[in-house]
Amino acid sequence: MLPHNPTGVDFDESQWMKLIDVLQKRDLLPFVDIAYQGFGSGLNEDPFAVRELARRGVLTFAANSFSKNFSLYGERCGGLHVICDGAAEADRVLGQLTIAVRANYSNPPTHGAKIVNKVLTTPELTQSWRAELASMCRQRIARIRQAIHDGLKDHVRGEMLTRYVKQRGMFTYTGLVAEQADRVKEEYGLYILRSGRVCVAGLNESNVQIVADAIGKVLAK
């Protein structure tokens, strides 16, 4: 899933190149889920792996979602793309996908798809959407990540600190174990999953320092 949920840890381009080498060598079938396109490095940068797989002609399943980057959680829509070895193979794959679609949901609601189509086929709307996605999502999340990092400087060092600016997307693991997550809740009124996972996008400039301070104090003990 790109950017990765739940860890926020993504491969860089050189790591993807090495992984694709392995996929080719072992003749494996990758399934890439681009659920948060535009929330990581950018709309064009996030699907690097899919483009590289297509360039090398690797048979691939790639799913993308518009639920997050179009805020269509109530009107879920997206797509499944299959990189095939020629038109004949593509026809056979399409036939199998059509059978699966028919058996699962037949005719899904079209409202979300129509919204996406309207935005992406209207240049001024596309430009506005791209600008809003960059400022409201990617750039804002980056600022929150930096604020957590800065707020933890007095409490922790190393990977426990740098993870917040090295990782991408909406989610991250704080490094808190279950017992520490319980302490954060009991001592500071901060409710997070016992796995230590938090949604960075759920924070804002008004509460991020409070959250960083609470996590830092528990981690430092």
Side-chain angles (χ1 to χ4, degrees), residues 1-11 32-43 45-47 63-78 112 115-116 119 128-221:
M1 185 176 292
L2 303 174
H4 194 268
N5 174 12
T7 68
V9 178
D10 285 344
F11 288 157
V32 185
D33 182 10
I34 310 178
Y36 300 90
Q37 186 176 355
F39 283 59
S41 298
L43 279 169
E45 293 83 357
D46 290 345
N64 76 294
S65 170
F66 296 114
S67 299
K68 290 82 175 178
N69 56 22
F70 271 85
S71 191
L72 291 170
Y73 280 89
E75 298 287 350
R76 296 272 183 168
C77 62
I115 291 172
V116 172
V119 172
S128 176
W129 169 68
R130 283 177 170 269
E132 290 178 5
L133 181 63
S135 63
M136 295 174 63
C137 296
R138 185 173 67 254
Q139 294 169 8
R140 195 190 78 83
I141 289 172
R143 290 197 303 272
I144 295 297
R145 284 185 171 277
Q146 186 64 54
I148 298 174
H149 172 275
D150 294 346
L152 287 173
K153 282 181 178 178
D154 294 334
H155 303 289
V156 295
R157 297 287 186 273
E159 180 63 27
M160 298 296 284
L161 177 64
T162 59
R163 68 174 64 198
Y164 294 98
V165 290
K166 289 171 59 179
Q167 296 172 5
R168 307 187 309 168
M170 294 174 60
F171 304 97
T172 190
Y173 277 113
T174 58
L176 294 170
V177 298
E179 293 76 12
Q180 291 172 318
D182 290 340
R183 286 186 50 208
V184 168
K185 177 181 67 175
E186 294 162 3
E187 297 177 20
Y188 299 97
L190 174 60
Y191 290 77
I192 68 173
L193 296 178
R194 298 189 81 226
S195 64
R197 172 179 176 259
V198 297
C199 178
V200 178
L203 302 177
N204 57 53
E205 285 78 2
S206 298
N207 61 25
V208 65
Q209 184 57 50
I210 298 172
V211 172
D213 190 57
I215 293 174
K217 287 178 179 178
V218 171
L219 284 173
K221 290 181 180 179

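Worth saying up front: this structure is predicted, and the values here are computed from it rather than measured. The analysis underlying the following values was restricted to heavy atoms, covering all of them including side chains, and did not include hydrogens, waters or symmetry mates.
Residues that satisfy the salt bridge (Lys or Arg N to Asp or Glu O under 4.0 Å) test with R143, not counting sequence neighbours, are E205. Looking at residues two or more places apart in sequence or on another chain, you find a salt bridge (Lys or Arg N to Asp or Glu O under 4.0 Å) between D150 and K153. Legend: residues meeting side chain to side chain contact (heavy atoms under 4.5 Å, CB included) with E159, ordered by chain and number and at least two apart, are T162, R163, K166.
The salt bridge (Lys or Arg N to Asp or Glu O under 4.0 Å) contacts involving residues 169-186 comprise D182-R194, R183-E187, where partners must be two or more places apart or lie in separate chains. Residue pairs that meet the ring-ring contact (aromatic ring centres under 6.0 Å, His included) test with at least one member in residues 129-157, sequence neighbours left out, are F70-W129. Applying the salt bridge (Lys or Arg N to Asp or Glu O under 4.0 Å) definition to pairs two or more places apart or across chains, those involving residues 167-177 are D10-R168, D46-R168.
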Test log, rule side chain to side chain contact (heavy atoms under 4.5 Å, CB included), inputs Q180 and L219: CA-CA 8 Å; Q180 291 172 318; L219 284 173; 4.1 Å; yes
Verdict with supporting geometry, F171 and H4, side chain to side chain contact (heavy atoms under 4.5 Å, CB included): CA-CA 8 Å; F171 304 97; H4 194 268; over 6 Å; no
I34 vs S65, side chain to side chain contact (heavy atoms under 4.5 Å, CB included): CA-CA, chis, key distance, verdict: CA-CA 7 Å; I34 310 178; S65 170; over 6 Å; no
Residues R130, L43; criterion side chain to side chain contact (heavy atoms under 4.5 Å, CB included); working and verdict: CA-CA 8 Å; R130 283 177 170 269; L43 279 169; 3.6 Å; yes
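When each of L152, V200, L190 is tested with V211 by the rule side-chain contact (heavy atoms from CB on, under 4.5 Å), just one qualifies, namely L190.
A distance of 10.0 Å separates OG of S67 from CD of E75, quoted to the nearest 0.5 Å. A distance of 3.5 Å separates CD of Q167 from OG1 of T172, quoted to the nearest 0.5 Å.
For the pair P3 and Q37, the tightest heavy-atom approach, listed with the atom from each and the gap, is CD-N, 4.4 Å. The two residues G42 and P47 have their closest heavy-atom pair at O-CD, 4.5 Å. Contact record, G169 with I141: O-CG2, 3.3 Å, taken as the closest heavy-atom pair. Considering every non-hydrogen atom in both F39 and C137, the closest pair reads CZ-SG, 3.7 Å. L133 and G38 make their closest contact through CD2-CA, 4.0 Å (heavy atoms, listed as atom of the first residue, atom of the second, distance).
Checking side-chain atoms of R140 against main-chain N and O of A201 turns up a donor-acceptor pair under 3.5 Å. Side-chain N or O atoms of T174 include one that pairs as donor or acceptor with a backbone N or O of G196 at under 3.5 Å.
By the 4.5 Å heavy-atom criterion applied to side chains, V218 and Y188 are counted as neighbours. At a threshold of 4.5 Å between non-hydrogen side-chain atoms, the residues I148 and V208 count as touching.
Remark: the N5 side chain and the Y36 side chain contain an N/O donor-acceptor pair separated by less than 3.5 Å.
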